[in-house]
Amino acid sequence: MESEGYSPLFETKAVKGRVVYRVFAASIFVGICLIWSYRVKFVAEGGGRRLGWLGLFAAEIWFGFYWVITQAPRWNPIRRRTFKHKLSQRHEGEFPGVDIFVCTADPEMEPPAMVISTVLSVMAYDYPPEKLSVYLSDDASSKLTYYALMEASQFAKHWIPFCKKFNIQPRSPAAYFASHIDHQGKEVDFIQTLYKDMENRINYAVKLGRVPDEIQSSSKGFSQWESYASRKDHNTFLQIVIDGRDPKAKDVEGSVLPTLVYLAREKRPRYFHNFKAGAMNALLRVSSQISNGQIILNVDCDMYSNNSDAIRDALCFLMDEEKGHEIAYVQFPQLFDNITKNEIYASSLRVINEVELPGLDSFGGPLYIGTGCFHRRDVLCGKKYSKGYRNDWNSKDYRNSGDDVNELEEKSKHLASCSYEENTEWGKEMGLRYGCPVEDVITGLSIQSQGWKSIYCNPERGAFLGVAPTSLIQTLVQHKRWSEGDLQILLSRYSPARYARGKISLGLRMGYCTFCLWAVNSLATLYYSIIPSLYLLRGIPLFPQVSSPWLIPFTYVIFAKYAGSLVEYLLAGGTILGWWNEQRIWLYKRTSSYLFALIDTVLKIIGLSDSAFVITAKVTDQEASERYEKEIMEFGASSPMFTIIATVSLVNLLCFLGMVKKAVESGSGLVMTFQAMALQVVLCGTLVVINWPLYEGLFFRTDKGKIPSSLTIKSFTLALATCIAFSLLL
Ligand SMILES: *[C@@H]1O[C@H](CO)[C@@H](O)[C@H](O)[C@H]1NC(C)=O
Ligand SMILES: CC(=O)N[C@H]1CO[C@H](CO)[C@@H](O)[C@@H]1O
């Protein structure tokens, strides 16, 4: 659709099959209404049975309501495609500056060698290097990370020209050499040797726990650590490691290098540091003095760039002459490169990436998920949307090339000091918003509420690849933080249920609620996965009998819902076993992570607890790593979360076995029991089957990843006590 010489830089297409989906969804909704009417019409008699019945009804009301909410992202899905050749034809000479922020916070969980591979991958984008600046924020203020960055700055002189000459992908050296084992050619071997040597030096220093003295004395940057008291008490360390405007800073082919900056903001025990949001805001200010790029890309330190065109993809949206000026940020999906085929921890976020985020794009744009996102600097710094706003890409706001670098460093340091933000709007209306464990989502919501749109960009070749959790506890802890943060957004002043009304569309508000209500799901799920089984053990039916026509809506809703979710999962590129594994993790997340998130949020509201930011470890030991590759579930630790999921699984096992035993003993047989309580038998049986890996971990395994015996005893006792108490009381 070209009109009067304007030809857009991107196109938007509706996904086919929407009508079919809507009819299907409507049929499920009818089924849900019938289930509700059944519960109202036949309220059970008798104290005990009635109680169980009403609880189920409440759970079904919740599930129905939540299901309606989750239809928003599925209602109107779209796909976007960019035209990068048009972008270069029209704008090649006037590209804006791009500042890339990489955040790290712990050299043990996030090894320096991994961090610099990410840094190198983003330095090697196909983009004019004089317009590219990379900032590493190190909240651990670790000499080791700083040292690794110094090494990387030397290696970059070989790596960047090598990448561009041979147009290799991906441009993270670690990922490249891991995936191209059988490469040929002297040049490749040379670079690989350089890389391996550097990696060895860095890993040696890490193993030693300190940077060797001769290296420290050879570089003036290390002297900054003289004032260092502890990780939580030190000055700002700021070093322009490569100054792109320095005529001497050239790679081995004589081309300009991107600017590279190390920052460890000031920390004092008296001042709260606001985690990653605080680090990002310090970076925003410091970078405004050094390069002041109009576009900001932020990536986590484990998320290397897998697609050297990603900046150009993002610019196709932001620089589009017609629609570009209303777009605040362009979010790429969070993808992972260590996912096993059947994703035992469901960590690929497949449905979120392929269904929910594209679905929200049609209602005003995806959430900001904290990594792989291109922002407009102005907007991130608090600019409100106004009609007719036009960005001037030509405003070259660069410092003079003659400025003294040392002076610049000294001048910029106070911008990263603890007290700088006192009595300012930083963290409130400017920069990333503070006070929420998911600072990214709340910031995105607040930007959208100011009238801006966002875009979801999901090119065929994944743009950013990170490290997914490789054990059950990591997965559960990560989801606890996410669901807790999202729930806090619902209760915060930015709540998509209240504050955002009239500011963003209803579809988008429902979309946010899909995530914000994760934690609330815990109660209904816990009820549904325990109570019907206990009633089954007692022989009390809570669902229609096989002979009753009311069984039809139940069966239809269950069957259609799961068939729909399976198809969705397969279309998103998953496997059948992967889907099955996801159902298991879904159960575990809801009964543990979400439950704890809900409890913690309630405690926080009544003032009894504080939230903390937990970093997910990016390292695993050898044996655990082998189990991960064989898709064997990793427990290993003792955690209250495991106690819950193990107890629930054992309650179901005991109920199922008890039911079979009773049915056989009473002579009436399994057929009679099934006719009277078909759905309870199926539900309990499914829970037993899906929990199989857990029973293995409890009883059969002998490796280190099994469930500790103390936990086995504890959860078995709890489960047995629950069953007995229930039998006696009812
Ligand atoms: C990452 O890039 C490589 C090419 O270097 C590609 O083969 C691979 O599919 C990409 N990964 C993802 C997840 O898209
Ligand atoms: C850090 C980490 O755990 N990386 C692992 C990702 O998965 C691959 C296998 O798929 C392992 O080899 C890595 O060690």
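Keep in mind that the numbers below use all heavy atoms, side chains included, and drop hydrogens, waters and symmetry copies. We count ligands from 1, going down the list as the structure has it; atoms in each ligand are counted the same way. All residue numbers refer to positions in the sequence shown, counting from 1.
Taking the six-membered ring where the residue is Trp, Phe83 and His85 present perpendicular rings, their angle passing 60° and hence far from 30°.
Regarding atom 14 (O) of ligand 1, its nearest protein heavy-atom neighbour is Gly462 N, 2.7 Å. The protein atom (non-hydrogen) at minimum distance from atom 6 (C) of ligand 1 is Arg461 CD, 4.1 Å. With respect to atom 1 (C) of ligand 1, the closest heavy atom belonging to the protein is Asn306 ND2, 1.6 Å. In this structure, atom 13 (C) of ligand 1 lies nearest to the protein heavy atom Leu465 CD2, 3.7 Å.
Within 6.0 Å of CD1 on Ile576 lie no more than 12 heavy atoms contributed by other residues, nucleotides or ligands.
Heavy atoms of Asp337 found under 4.0 angstrom from ligand 1: none, in either backbone or side chain.
The two atoms that bring Trp579 and Tyr569 nearest to each other are N-CE2, 3.3 Å, heavy atoms only. Here the shortest heavy-atom pairing between Asp138 and Ser142 reads OD2-N, 2.7 Å.
Any N or O atom pair closer than 3.5 Å counts here, and Leu335 shares no such pair with ligand 1.
Contact annotation: the side chain of Phe635 never approaches that of Ile473 to less than 4.5 Å [non-hydrogen atoms, C-beta and beyond].
Donor-acceptor pairing under 3.5 Å is lacking for the side chains of Arg171 and Ser121.
The protein reaches atom 11 (N) of ligand 1 closely, with a heavy atom under 4.0 angstrom from it.
In summary, the atoms of ligand 1 found under 4.0 Å from a heavy atom of Pro170, numbered by their order in the structure, are 5 (O).
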